[in-house]
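What follows is a set of notes on a single structure, which appears directly below.
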Amino acid sequence: MSTRAARHAAKLVKKMPDATLTLLNVDPPLMQAVAVKLGVDASHRYHAENGQFATRAARTLLRRLRVPFEERMVVGEPAQRIAHEAKTGRHDLVVMGSHGRGALQGLLLGSVASKVIALTEVPVTVVR
């Protein structure tokens with residue numbers, strides 16, 4: 001989650017005292033050959049370290065703003081896992097950051113935000 005998206009989510013949570021915020025990080029899976037070479041323990045450590053690094057700025061911001069949150073770190077295809085977590089976690093809203101690529105780049109490269117919007121019935125707010 002970008003710090004802008006975290007700031008936006010924090011504002012929303014502060015307006016709704018019963019709301020809970022879940023900071024979700026989805027780390028793409030390693031190529032199978034790499035995972036086999038590293039082994040199970042090293043692969044788990046790799047994903048855990050990636051998740052900690054990826055959420056560090058958002059975590060720091062949320063703590064500084066005194067917004068309570070829970071963390072989930074999962075491995076998988078990002079858009080599919082975000083949509084799955086939104087549904088199974090019974091979340092009311094997904095707030096996510098965007099890299100801000102143009103329409104042509106987003107079309108060619110694929111956009112996680114666009115895929116999440118297409119895959120979930122949960123409302124999605126994309127913060128640039």
Side-chain angles (χ1 to χ4, degrees):
M1 175 182 272
S2 71
T3 53
R4 286 184 181 177
R7 188 176 305 281
H8 182 75
K11 286 179 186 177
L12 293 174
V13 168
K14 285 188 173 191
K15 290 179 183 179
M16 299 175 274
D18 293 337
T20 58
L21 191 146
T22 302
L23 181 58
L24 173 67
N25 181 71
V26 181
D27 202 31
L30 293 168
M31 292 186 303
Q32 187 174 2
V34 174
V36 168
K37 181 106 172 149
L38 285 176
V40 175
D41 291 340
S43 294
H44 285 299
R45 258 192 325 277
Y46 171 83
H47 290 299
E49 289 172 6
N50 276 355
Q52 289 298 314
F53 179 79
T55 59
R56 182 177 54 199
R59 215 175 30 254
T60 301
L61 175 68
L62 293 171
R63 286 182 182 141
R64 193 178 77 231
L65 295 173
R66 299 184 197 281
V67 174
F69 64 96
E70 54 189 50
E71 286 186 77
R72 294 223 355 100
M73 295 190 191
V74 297
V75 177
E77 193 283 316
Q80 291 174 353
R81 288 305 306 252
I82 293 168
H84 176 77
E85 293 289 328
K87 182 179 180 178
T88 60
R90 302 184 70 193
H91 297 283
D92 296 317
L93 176 67
V94 173
V95 177
M96 58 190 303
S98 169
H99 289 290
R101 293 187 178 104
L104 183 58
Q105 271 188 314
L107 181 65
L108 295 175
L109 299 174
S111 164
V112 173
S114 296
K115 290 176 186 175
V116 170
I117 291 167
L119 290 171
T120 186
E121 294 179 14
V122 176
V124 178
T125 299
V126 180
V127 180
R128 282 189 89 142

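Residue numbers count from 1 along this sequence.
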TODO: For side chain to side chain contact (heavy atoms under 4.5 Å, CB included), just list the numbers for T125 and V127, CA-CA rounded to whole Å, side-chain angles, deciding distance to a tenth of an Å, and then say yes or no.
DONE: CA-CA 6 Å; T125 299; V127 180; 4.3 Å; yes
At their closest point, which heavy atom of [X] faces which heavy atom of [Y], and how far apart are they?
| X | Y | value |
| --- | --- | --- |
| A83 | L119 | CB-CB, 3.7 Å |
| Q80 | E77 | N-OE1, 2.8 Å |
| L21 | A9 | CD1-CB, 3.6 Å |
| M96 | A5 | C-CB, 3.8 Å |

Open item on the list: Quick check against the 3.5 Å criterion: does R81 have a side-chain atom that pairs as donor or acceptor with the backbone of V75?
Closed with: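 Such a contact is found between R81 side chain and V75 backbone.
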Task: Sidechain-backbone polar pair: T120 side chain, V116 backbone, donor-acceptor under 3.5 Å - done: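 No, because the side chain of T120 does not come within donor-acceptor range (under 3.5 Å) of the backbone of V116.
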Open item on the list: Working note: K11 + R7, criterion side chain to side chain contact (heavy atoms under 4.5 Å, CB included); need CA distance, chi angles, decisive distance, verdict.
Closed with: CA-CA 6 Å; K11 286 179 186 177; R7 188 176 305 281; 4.3 Å; yes
- [ ] I would like to know whether T22 and E85 meet side chain to side chain contact (heavy atoms under 4.5 Å, CB included); could you show each step before the answer?
- [x] CA-CA 10 Å; T22 302; E85 293 289 328; over 6 Å; no
Nearest-0.5 Å distance that lies between atom [atom1] in [X] and atom [atom2] in [Y]:
| X | Y | atom1 | atom2 | value |
| --- | --- | --- | --- | --- |
| K87 | E121 | NZ | CD | 7.0 Å |
| R59 | L61 | CZ | CG | 12.0 Å |
| H91 | L24 | NE2 | CG | 7.5 Å |
| H47 | L30 | NE2 | CG | 4.0 Å |
| L23 | E70 | CG | CD | 10.0 Å |
| L38 | H44 | CG | NE2 | 11.5 Å |

Task: Heavy-atom side-chain proximity of H84 to V74 below 4.5 angstrom - done: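 Side chain of H84 against side chain of V74, heavy atoms only: no contact under 4.5 Å found.
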Task: side chain to side chain contact (heavy atoms under 4.5 Å, CB included) evaluation trace for V67 with K14 - done: CA-CA 7 Å; V67 174; K14 285 188 173 191; 3.6 Å; yes
Open item on the list: Is it the case that atom CE in M31 sees more than 12 heavy atoms from other parts of the structure closer than 6.0 Å?
Closed with: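 It does not: M31 CE has 12 such atoms or fewer within range.
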With the 4.5 Å side-chain cut-off for hydrophobic clustering, are [X] and [Y] part of the same group?
| X | Y | result |
| --- | --- | --- |
| I117 | V26 | yes |
| L65 | V13 | yes |
| L93 | M16 | yes |

